[in-house]
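Letters A, B, ... are given to chains in the order of the sequence lines, protein chains preceding strands, and every chain is numbered from 1. Quick caveat: nothing in here was measured; it's all calculated off a predicted structure.
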Number of protein chains: 2
Amino acid sequence: MEKSKHQDEAAELQPTSMIQGVLTQSELGEVERSGSFDAIAMGEQLHALRKSRKLTLQDMARQTGVSASAVSKIERGEFSPTLGTMQRIAEGLKIDIVSLLSGTSNEVQPYGRRSVNSADSGRQHLTSTCVNRLLSPDLREKRMLPVRTTVTARHVDDYIDWARSDSEIFLFVLSGILVLHSRAYEPLRLKMGESVYYDANIQHAWTSEGDTDAEVLWLISTR
Amino acid sequence: MEKSKHQDEAAELQPTSMIQGVLTQSELGEVERSGSFDAIAMGEQLHALRKSRKLTLQDMARQTGVSASAVSKIERGEFSPTLGTMQRIAEGLKIDIVSLLSGTSNEVQPYGRRSVNSADSGRQHLTSTCVNRLLSPDLREKRMLPVRTTVTARHVDDYIDWARSDSEIFLFVLSGILVLHSRAYEPLRLKMGESVYYDANIQHAWTSEGDTDAEVLWLISTR
DNA sequence: GCTAAATTTGTCGGATATGATAAATAATAA
DNA sequence: TTATTATTTATCATATCCGACAAATTTAGC
């Protein structure tokens with residue numbers, strides 16, 4: 001079993017960013033997306049943004065101080081703008097360059113979404129080390145991924161690969177005794193009501209201690 | 001009481017980004033930071049990055065395909081580079097432009113941090129509507145802020161201002177009955193073991209129902 | 001359809017960025 | 001120190017960006 005053991009159901013439910021079926025690839029996906037773009041992409045961004053605001057090239061020129069012809073050429077990728085002109089454009093449009101470049105400037109922020117979970121909601125997903133139930137799977141592009149998990153593993157040997165990602169994890173023990181194993185720390189025993197917040201960029205794995213399986217509520221950051 | 005009611009202790013513990021004592025200003029802080037920079041700042045960024053990697057201008061030229069003299073002038077803000085050259089530089093340095101511009105390219109990502117909370121850990125902070133205990137307050141710059149709260153309010157009238165921020169909130173009921181009030185939805189009753197994930201950009205407030213105060217575990221996204 | 005206005009795209013001169021090479025400065029060694 | 005080398009900055013020719021205005025295209029009204 002590998003790192004996705006207590007994570008692959010989550011992966012299934014966030015398809016766009018889950019390249020390898022590993023939950024924490026979601027963040028990787030974000031990073032990759034924001035990093036990959038060229039002058040044309042940026043031009044398209046700008047064009048889309050201008051259209052969505054229903055501005056003409058002239059309006060643009062007036063607001064930003066960059067000539068209409070220049071904006072036109074930038075939009076069509078005919079040449080690659082100077083940082084200075086990009087700044088003027090961003091300033092005139094009241095957005096920051098980062099979002100202009102990363103292509104998030106035109107995204108509408110989700111508003112008022114809500115997803116309720118009953119005590120036993122969520123399709124169960126079994127692995128050899130735990131049973132996962134992803135909470136609020138209907139909401140996409142969440143910043144946090146809440147999961148309720150029953151940890152069935154009793155020994156770290158049950159894990160072939162330990163989990164690792166560039167995310168952060170918060171874990172709260174609902175019942176039983178959970179042992180958090182980490183490459184950087186001694187095993188940590190957590191009882192009911194206890195919790196831990198840790199960087200997932202260090203390898204880690206979970207096991208239960210005692211007769212009953214530990215039940216945990218945990219969230220992993222997605223960006 | 002205002003929006004920070006069940007959030008102001010959190011604010012206290014993330015001083016840099018908590019301008020107005022409102023928890024979700026953390027996000028605002030991030031945004032503001034990433035938006036403010038000019039060509040010179042970018043040049044300084046680049047210079048710092050080059051130095052930290054112990055590269056000469058020639059090395060740079062070799063790796064990026066941008067001439068040493070050009071890089072030198074960019075670093076000193078003598079002119080504003082083209083998006084194309086910025087791309088070449090970013091590519092050669094194996095970073096994405098966004099982080100180069102936003103100034104995060106040279107930051108070291110926290111590694112292997114960990115913070116454990118006992119069942120009753122965290123200094124209590126009383127407000128007129130609830131008792132908050134911020135979990136893992138010793139970790140700074142977290143992507144999620146975990147809080148354990150006892151909701152003492154019985155009626156929405158106890159709130160003067162409802163909470164609102166550009167964050168996302170996950171809430172899990174540990175005991176009692178919590179009622180989630182929202183400007184967009186009918187009041188939602190949540191019993192023990194039930195949970196909800198919602199966008200905090202719509203005004204909301206929490207109350208307890210029944211004789212005992214509801215005990216909830218909740219996390220709010222910070223970026 | 002046509003006409004007129006609005007909007008976008010092309011042209012060209014001037015401004016600015018970039019690259020090759022030289023000059024200047026800083027670092028290193030004897 | 002001086003000599004030597006490494007590194008950065010300045011010079012200048014060339015390529016590219018940018019702005020003003022003209023040409024072409026699209027849109028709107030009839």
Side-chain angles (χ1 to χ4, degrees), chain A residues 35-103 105-106, chain B residues 37-103 105-106:
Chain A
S36 67
F37 70 91
D38 47 35
I40 296 128
M42 134 86 172
E44 284 170 1
Q45 273 298 320
L46 188 60
H47 184 78
L49 182 62
R50 183 169 64 85
K51 284 300 172 192
S52 75
R53 295 197 184 182
K54 301 197 195 307
L55 296 173
T56 74
L57 288 170
Q58 322 289 347
D59 297 334
M60 204 82 156
R62 214 170 307 117
Q63 285 190 34
T64 64
V66 179
S67 73
S69 59
V71 175
S72 172
K73 286 162 196 163
I74 291 165
E75 284 185 357
R76 285 171 296 136
E78 219 171 275
F79 61 60
S80 149
T82 279
L83 177 56
T85 65
M86 295 199 311
Q87 283 177 150
R88 283 194 289 165
I89 291 172
E91 213 166 304
L93 262 42
K94 306 291 180 202
I95 58 170
D96 63 296
I97 299 190
V98 173
S99 61
L100 180 64
L101 285 173
S102 59
S105 57
N106 211 20
Chain B
F37 71 91
D38 48 34
I40 297 127
M42 135 87 171
E44 285 170 0
Q45 273 298 321
L46 188 60
H47 184 78
L49 183 61
R50 183 169 65 86
K51 283 300 171 189
S52 77
R53 295 197 185 181
K54 300 196 196 308
L55 296 173
T56 73
L57 288 169
Q58 324 287 348
D59 298 333
M60 203 83 156
R62 214 171 306 118
Q63 285 190 32
T64 64
V66 179
S67 71
S69 58
V71 175
S72 173
K73 285 164 196 162
I74 292 166
E75 284 185 356
R76 285 172 296 137
E78 219 170 277
F79 61 60
S80 151
T82 281
L83 178 56
T85 65
M86 296 198 309
Q87 284 177 152
R88 284 193 289 164
I89 291 172
E91 213 166 303
L93 261 42
K94 305 292 179 201
I95 58 169
D96 64 297
I97 299 190
V98 174
S99 61
L100 180 63
L101 285 173
S102 59
S105 56
N106 213 18

_Residues in side-chain contact (heavy atoms from CB on, under 4.5 Å) contact with Q63(A), at least two apart in sequence or another chain_ = L55(A), L93(A)
*Under the side-chain contact (heavy atoms from CB on, under 4.5 Å) test, residues paired with A61(B) that sit two or more places apart*: A68(B)
In whole angstrom, give the distance that lies between atom [atom1] of [X] and atom [atom2] of [N].
X      : N       : atom1 : atom2 : answer
I74(B) : dT18(C) : CD1   : C1'   : 9 Å
M60(B) : dT7(D)  : CE    : C1'   : 14 Å
F79(B) : dA15(D) : CZ    : C1'   : 12 Å
E78(B) : dA15(C) : CD    : C1'   : 16 Å
R53(B) : dT7(D)  : CZ    : P     : 18 Å
E75(B) : dT7(D)  : CD    : C1'   : 12 Å
R62(B) : dT7(D)  : CZ    : C1'   : 12 Å

*asked:* At less than 4.0 Å, is any side-chain N or O atom of R88(B) found next to OP1 or OP2 of dA17(C)? Yes or no.
replied: no
_Selection from dG10(C), dC17(D), dG19(D) that lies nearest to any side-chain heavy atom of V66(A)_ = dG19(D)
*Please confirm whether the backbone N or O of V66(A) pairs with a side-chain atom of T64(A), one donor and one acceptor, at under 3.5 Å?*
yes
*Without swapping roles, check the side chain of T82(A) against the backbone of G84(A) for a donor-acceptor pair under 3.5 Å.*
no
*Rounded to the nearest 0.5 Å, what's the gap from CG on L49(A) to CD on E44(A)? Could you check?*
13.5 Å
*From T56(B) OG1 over to R50(B) CZ, what is the distance, rounded to the nearest 0.5 angstrom?*
7.0 Å
For nucleotides 20-22 of chain D, list the nitrogen or oxygen atoms of the protein found under 3.5 Å from its nitrogen or oxygen atoms, one pair per line.
unit_1: dA20(D); atom_1: N6; unit_2: S69(A); atom_2: OG; d: 3.1

Within the sub-3.5 Å range, which N or O atoms of nucleotides 6-8 of chain C have a protein N or O partner, and how far apart are they?
unit_1: dT8(C); atom_1: OP1; unit_2: R50(A); atom_2: NH1; d: 2.9
unit_1: dT8(C); atom_1: OP1; unit_2: K51(A); atom_2: NZ; d: 3.2
unit_1: dT8(C); atom_1: OP2; unit_2: L57(A); atom_2: N; d: 2.7

*For R88(A), salt bridge (charged side-chain N to carboxylate O under 4.0 Å, His left out) partners two or more places apart*: none
*Do you know the tightest heavy-atom contact between S80(A) and L83(B)?*
OG-N, 3.2 Å
_Quick check: do M86(B) and M86(A) have side-chain heavy atoms less than 4.5 Å from each other?_
yes
*Compare all side-chain heavy atoms of M60(B) with those of L46(B) and state whether any distance is below 4.5 angstrom.*
yes
*Could you provide the dot-bracket string of DNA chain C, using ( ) for intrastrand pairs, [ ] for crossing pairs and | for bases paired to another strand, with Watson-Crick or G-U pairs below 3.5 Å?*
||||||||||||||||||||||||||||||
_From S69(B), S72(B), S67(B), residue fulfilling side-chain contact (heavy atoms from CB on, under 4.5 Å) relative to L57(B)_ = S72(B)
